[in-house]
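Heavy-atom basis, side chains included; hydrogens, waters and symmetry copies ignored.
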Amino acid sequence: DVTANTPVHYLDADGLEVDTAKLSSKNVSAAVNVEVLYTKQLGFTVSPSGELAEGLFLREIKCDKDAVLVKGRPEILNSTMDIEIPDSLIDLSGVTDSTSFIVDINPYLQSGISLVDPSDAQLEISLDIAKEETREFRLSTDAIELKNVPDGVKITFENPSFNVTI
C-alpha cells in the first residue's frame, strides 16, 4: 500500500479545475491511501463428473478462453495456480450429444482475487461427445519395415496380410 498527502484540487461539473482564489477552505491537502494489487493470468481446471452412456466417449473439453487476468495481493496470487471449475457443474450423466454451457467464474475465484476485466466472468465450456466406433483394416505384411534384426536372423510371415481392428 502507498500512503501520501496530496494537494486538494477542486473541479467543476465539467471536470475543469476551479480557481481557488475565490474559495475559502481549510482543506489544502488530503491523505490518500492506495492499495497496490498485482495481476496474474490464471487458466482453468475443468474436470467432469458422472459417466457417459455406453457407446459414447468424451473426445474433448474446451473453454472459449485459455486464461483470464486477475488481480490481488501477491501472497494470494503466488499461491493460486488456476481457477477450478467444480466437477458438479459438468455432469456427464445423461449427456448424449456435444453441448456447451456458460459458467460465471466469479464464485470460483479464491477469496481476495478478482477479475481485472469484469466482462471476463463468463466462460463457455464445450463438451465434444462422440460415438465409439470400431473399424477393421486389412494390412499387407509388405508394408511392415523390420528394424534392428540381428545378422543371421531371417523373419518370415505366415500370411501375406492380416486384419487390424481399431
Side-chain angles (χ1 to χ4, degrees), residues 1-4 13 15 32-151 153-166:
D1 291 355
V2 176
T3 302
V32 178
N33 185 23
V34 178
E35 182 180 22
V36 177
L37 299 176
Y38 289 68
T39 61
K40 181 177 182 178
Q41 291 278 344
L42 291 181
F44 305 98
T45 299
V46 180
S47 301
S49 65
E51 303 259 339
L52 287 169
E54 190 172 327
L56 298 176
F57 72 97
L58 178 61
R59 185 180 297 157
E60 180 180 33
I61 296 178
K62 197 171 191 177
C63 297
D64 68 335
K65 48 189 141 222
D66 295 326
V68 291
L69 188 63
V70 296
K71 61 186 174 185
R73 313 246 336 128
E75 60 273 10
I76 297 172
L77 289 179
N78 289 340
S79 66
T80 306
M81 296 301 130
D82 55 15
I83 301 167
E84 188 169 333
I85 306 301
D87 60 359
S88 61
L89 291 181
I90 308 163
D91 186 2
L92 298 178
S93 305
V95 175
T96 59
D97 204 359
S98 295
T99 187
S100 64
F101 50 94
I102 305 292
V103 173
D104 179 0
I105 63 173
N106 281 311
Y108 311 114
L109 295 174
Q110 184 176 339
S111 179
I113 293 178
S114 60
L115 294 167
V116 170
D117 182 353
S119 69
D120 282 339
Q122 303 300 305
L123 176 68
E124 182 176 7
I125 300 174
S126 299
L127 304 177
D128 185 8
I129 307 294
K131 292 181 181 173
E132 292 178 353
E133 297 179 13
T134 59
R135 290 189 180 173
E136 191 168 299
F137 299 93
R138 185 142 189 91
L139 301 177
S140 169
T141 56
D142 292 340
I144 298 174
E145 180 182 335
L146 301 174
K147 293 184 176 184
N148 300 322
V149 177
D151 290 337
V153 173
K154 183 178 179 184
I155 296 176
T156 58
F157 296 98
E158 291 181 15
N159 297 312
S161 63
F162 58 96
N163 293 333
V164 175
T165 302
I166 299 177

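- Counting only heavy atoms from C-beta outward, the side chains of Val103 and Tyr108 approach each other to under 4.5 Å.
- By the 6.0 Å contact criterion, CD on Gln41 is enclosed, its count of non-hydrogen atoms from other residues, nucleotides or ligands being greater than 12.
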Residues 64-75 side chain polar contacts: donor-acceptor under 3.5 Å, at least two apart:
unit_1	atom_1	unit_2	atom_2	d
Asp64	OD1	Glu124	N	3.1
Lys65	NZ	Gln122	O	2.8
Arg73	NH1	Asp1	OD1	3.3

Please report the C-alpha distance between Ile166 and Thr134 in whole Å, then the side-chain angles of each, then the deciding distance to 0.1 Å, and finally whether the side-chain contact (heavy atoms from CB on, under 4.5 Å) criterion is met.
CA-CA 5 Å; Ile166 299 177; Thr134 59; over 6 Å; no

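- With sequence neighbours excluded, no residue forms a salt bridge (Lys or Arg N to Asp or Glu O under 4.0 Å) with Arg138.
- Using a 4.5 Å cut-off on side-chain heavy atoms (C-beta onward), Phe44 and Asp82 make no contact.
- Counting heavy atoms from C-beta outward, Leu92 and Leu58 have side chains that approach closer than 4.5 Å.
- Considering only heavy atoms from C-beta on, Ile144 stays 4.5 Å or farther from Asp142 through its side chain.
- Taken to the nearest 0.5 Å, the OG atom of Ser98 stands 4.0 Å off from the CG atom of Asp128.
- If you take CG on Leu146 and CD1 on Ile155, they are separated by 5.0 Å, rounding to the nearest 0.5 Å.
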Please determine whether side-chain hydrogen bond (donor to acceptor under 3.5 Å, both in side chains) holds for the pair Thr80 and Gln110, giving the CA-CA distance in whole Å, both sets of side-chain angles, and the decisive distance to 0.1 Å.
CA-CA 8 Å; Thr80 306; Gln110 184 176 339; 2.6 Å; yes

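- Rounding to the nearest 0.5 angstrom, the gap separating the OG atom in Ser93 from the CG atom in Leu52 is 8.0 Å.
- Using a 4.5 Å cut-off on side-chain heavy atoms (C-beta onward), Ser126 and Glu60 make no contact.
- By the neighbour-count criterion of 12 heavy atoms within 6.0 Å, atom OH of Tyr38 is sparsely surrounded, having that number or fewer from other residues, nucleotides or ligands.
- Nearest heavy-atom pair across Glu132 and Phe57 is CG-CD2, 3.6 Å.
- In this structure, the side chains of Ile85 and Ile125 come closer than 4.5 Å at one or more pairs of heavy atoms.
- Of all heavy-atom pairs spanning Ile76 and Gly112, the tightest one is CD1-CA, 3.9 Å.
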Evaluate the criterion side-chain contact (heavy atoms from CB on, under 4.5 Å) for residue pair Ile129 and Thr96; output intermediate values, then yes/no.
CA-CA 7 Å; Ile129 307 294; Thr96 59; over 6 Å; no

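- When atom types are taken as modelled, the side chain of Thr141 and the backbone of Pro160 share a donor-acceptor pair closer than 3.5 angstrom.
- How far CG of Leu56 is from CD of Glu51: 12.0 Å, rounded to the nearest 0.5 Å.
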Begin with the C-alpha distance, continue with both residues' side-chain angles, and end with the deciding distance and a verdict on side-chain contact (heavy atoms from CB on, under 4.5 Å) for Asn163 and Phe137.
CA-CA 6 Å; Asn163 293 333; Phe137 299 93; over 6 Å; no

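- Residues Asp117 and Ser119 share a closest heavy-atom pair of OD1-OG, 2.8 Å.
- Two residues are said to be in side-chain contact when any heavy atoms from C-beta on lie closer than 4.5 Å; Ile90 and Leu127 meet this criterion.
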Could you go through Cys63 and Val46, starting from their C-alpha distance and side-chain angles, then the distance that decides it, and tell me whether this counts as side-chain contact (heavy atoms from CB on, under 4.5 Å)?
CA-CA 9 Å; Cys63 297; Val46 180; 3.8 Å; yes

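- Between atom CD1 of residue Ile105 and atom CG of residue Leu42 there is a gap of 8.5 Å, rounded to the nearest 0.5 Å.
- Residues Asp87 and Ser47 bring no donor and acceptor atom of their side chains to less than 3.5 Å of each other.
- Distance CG/Leu123 to CG/Asn106: 11.5 Å, rounded to 0.5 Å.
- Between Met81 and Lys40 the shortest side-chain heavy-atom distance falls below 4.5 Å.
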